[in-house]
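Here's the structure, in structure tokens; my notes come after.
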Amino acid sequence: MAPKPGGNAPNRRALRERKVSQRMAVVDDATRQQAAQARLDALENDNDQTADPFGLASDDDEFNLEDEDEEEEIGGKKGKRKKSGVKRKLRNAASDRRGPKNFARILDEAELDRLPPGKPSYLTAAARPSTTSAARKFCSVCGNTSGYTCARCGSRYCCRKCYTVHTETRCLKFTV
Amino acid sequence: MSLPPVIAIDNGGGNCKIGMAGQAAPTKVFPNASAKPKGERGALIADLLADSKEVSQLTLRRPVDRGYLCNLELQREIWSRGIRALLRRQPGECGLLLSEPLFNFEEIRSNTQQVVFEEMGFRSFYAAPAPVFSMHRAAGLLGASSPAARTGAGVIVDAGFSFTHIVPFFKGQVLEGGVRRINLGGKLMTNYLKELVSYRSLNMMDETYLMDSVKEQLCFVSQNVKADLKAAQNLARSPHRREFVLPDGVNNLRGYVRDPAAWAEKVQAIKDAVRAAESMDEKRRLASQMEADQVLVLNNERFMVPELLFHPDDVGLHQAGVAEATVQAVTATHAALAPLLYSNVVLTGGIASCPGFRDRFTTELRALVPDDHDLNVFQPQDPALFAWEGMSVFGSSRSYSSVALTKAQYEEGGGWAAHRQYS
């Protein structure tokens, strides 16, 4: 089929541009840092899939209970009174001080940034970045010393072979 | 009045060390976690987990998150099991001596007291950071042999499961302004090893518990990373190559490191048998013996994983390595203390027992410390248990009863966290 001079061409170009730009897109610094931070956080995780990583469980519970309550109202007064006792009990359990909170939440609630300046705390105790040694560069695939950086995502690689492995597996995974 | 028996628990993020104060070693060391085998409903805790034959496919749940006691419900179950089944004691007749992280949060502290007194019913309770007990122990070992020992000065490097703390002491007191923490410990290392291995050879992402033991058996601290990396470049000829036979669930339940010489002999024997065999089927059956085990090959991972503690930058954590952080900790205190502090550096925590750790740490620190300062790095026999030993000594002495909060005091006035000093 012969292409029409006016109709299809701009559309097709747009498609082509989009494809190219997606493949060539360089992941910016902020995203790279985000990815690195996410990886660090992941390295602190247990392998427990049921654990709630954001500490939202208790909030969710309350939300569900609220729903139940509304249903009850439709159901009639007698039922409601009975259930509300149950509800209170559950809510107490949910907001129990010993309910598993994750560390980030405890740190957040301790409001350490409100301490008088100069008072040692969890925040001030963190070791500072190194000033005596530069970051070393290792291949993200095989672990050897690496000479090259992936232009897209910033990971390191050491040879063509590793680069192929990297683009096929990790490059997209880390950035998407 | 005789002193009440005191239970000493060094409640680490990785391992819980439990025993009666006064003993030379803890009664039991077990993972501080509950583990659920795949496909089963019940979870294993405390000694049941430590003695469990099954190590693969365990789902671990830990009460300690980033070093802080976040899930007290689970922790209480683990303690109860440990105290009742292992020590055969009732909380009601004992005091409790507990280790806590530095800069513990008020919220966690008061919740812990609530559990200890109201739910478990201990008679008395005292908690202090593990490095405090390590220092106590180190001072006991050193006597008054050096100026540092006489002034109670020193640096405790506690490389644990959740993080690494560097804690300077003077007159036996923590110099809180100088405490430095690297957010990197054994847990991150295990997970990093898991990630590397899963990416490079076999998917071990579900095998946290198993990889933990692989790490303990095979990881070491390199003295010269560049040279070791170069030597490891060719996998077939690498001197660092080790083979770990994974558990198959039948004959081999925990996995083991394959001895290269013994294995080579076995391979030779099998080859000979194959050659001697008559029928083709027989040959095949014999040859399949060689492939029977699932093997995890480790090469540069063995030293690149502990390497993280010396260069956290390798994994994208922008903090100084353990040696430089020690210098940061010392310089944050008074300048006049530096010579005393450097002359008494003690390495504790589970990671410190990694082969080569002390040598590497000393080399790196020596390069950073002014050369007119003496540097003494002391590594106890078992760095992981050192803090517990200190707790044992402290718990069985009269100083415990002078600082501990009794149940009556707690019931009368609530927590005492506000007016408390680390000793």
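Computation of the quantities below employed the complete heavy-atom set of this structure, encompassing side-chain atoms and omitting hydrogens, waters and symmetry-equivalent molecules. Below, chain A is the first sequence line, B the second, and so on; all start at residue 1.
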Where does B/L74 contact chain A at under 4.5 Å (heavy atoms): side chain, backbone, both or neither? neither

Answer key: most heavy-atom pairs under 4.5 Å with chain A among B/K36, B/M189, B/E307, B/H165 is B/E307

For the candidates A/G118, A/G143, A/A126, A/A110, which exhibits the highest count of non-hydrogen atom pairs separated by less than 4.5 Å from chain B? A/A126

Give, for atom CD of B/E107 and atom CG of A/L107, the distance between the pair rounded to the nearest 0.5 Å. 11.0 Å

Looking only at heavy atoms, what is the nearest atom pair of A/A125 and B/F103, with distance? CB-CE1, 3.5 Å

When the 4.5 angstrom heavy-atom criterion is applied to B/V64 and chain A, the contacting part is neither

Determine the interplanar angle of the A/Y122 and B/F105 rings, folded into 0 to 90°, and report it as parallel if under 30°, tilted if 30 to 60°, perpendicular if over 60°. tilted

Winner by heavy-atom pair count (cut-off under 4.5 Å) against chain A, out of B/R181, B/R66, B/R180: B/R181

Exercise: do B/E324 and A/T131 side chains pair donor with acceptor under 3.5 Å: yes

Between A/L112 and chain B, which part of the residue has a heavy atom less than 4.5 Å away: side chain, backbone, both or neither? side chain

Counting heavy-atom pairs closer than 4.5 Å to chain A, which one of B/R200, B/H318, B/K226 comes out on top? B/R200

Output for pair (B/L229 CG, A/C139 SG), nearest 0.5 Å, gives 10.5 Å

Intermediate values then yes/no, side-chain contact (heavy atoms from CB on, under 4.5 Å), A/F138 and B/N300: CA-CA 11 Å; A/F138 296 111; B/N300 62 22; over 6 Å; no

Heavy-atom contact with chain A under 4.5 Å, split by part of B/D314: side chain

With chain B, which of A/A36, A/C142, A/A135, A/S133 has the greatest number of heavy-atom pairs at distances under 4.5 Å? A/C142

No-hydrogen, no-angle side-chain donor-acceptor test under 3.5 Å, B/Y199 and A/T169: yes

Nearest 0.5 Å, what's the CG-CG distance between B/D65 and A/N45? 8.5 Å

Need one label for A/E109: side chain, backbone, both or neither, based on atoms under 4.5 Å from any heavy atom in chain B. side chain

Check for a donor-acceptor pair, side chain of B/Q319 on one end and backbone N or O of A/A127 on the other, with a separation under 3.5 Å. yes

Applying a strict 4.5 Å limit to non-hydrogen atoms, the region of B/R62 in contact with chain A is both

A/R136 vs B/D313, test: side-chain contact (heavy atoms from CB on, under 4.5 Å). Steps then yes/no. CA-CA 7 Å; A/R136 301 178 302 177; B/D313 264 322; over 6 Å; no

Heavy-atom cut-off 4.5 Å, strictly under: side chain, backbone, both or neither for A/T124 against chain B? backbone

Should the heavy atoms of other residues, nucleotides or ligands under 6.0 Å from NE2 of B/H334 be counted, would the total exceed 12? no

To the closest 0.5 Å, what do you measure between SG (B/C70) and CD1 (A/I106)? 3.5 Å

Okay, B/I108 and chain A: the region with an atom under 4.5 Å from a heavy atom over there is side chain

Does any heavy atom of chain A fall under 4.5 Å from the side chain of B/T164, the backbone, both, or neither of them? neither

For B/L188 versus A/L40, what's the shortest heavy-atom pair and its separation? CD1-CD2, 4.3 Å

Carboxylate-amine/guanidinium contact A/R39 B/E195, below 4.0 Å: yes

In Å, rounded to the nearest 0.5 Å, how long is the span from CG of B/N71 to CG of A/N102? 11.0 Å

Straight-line distance of A/S130 OG to B/L317 CG, nearest 0.5 Å: 11.5 Å

Mark yes when over 12 heavy atoms from residues, nucleotides or ligands other than B/F170 sit less than 6.0 Å from its CZ; otherwise mark no. yes

B/Q233 and A/N144: which non-hydrogen atoms are nearest, and at how many Å? CG-ND2, 3.5 Å

What are the two closest non-hydrogen atoms of A/R128 and B/Q328, and how far apart are they? N-OE1, 2.9 Å

Would you mind telling me which of B/H311, B/E301, B/M304 has the largest number of heavy-atom pairs within less than 4.5 Å of chain A? B/H311

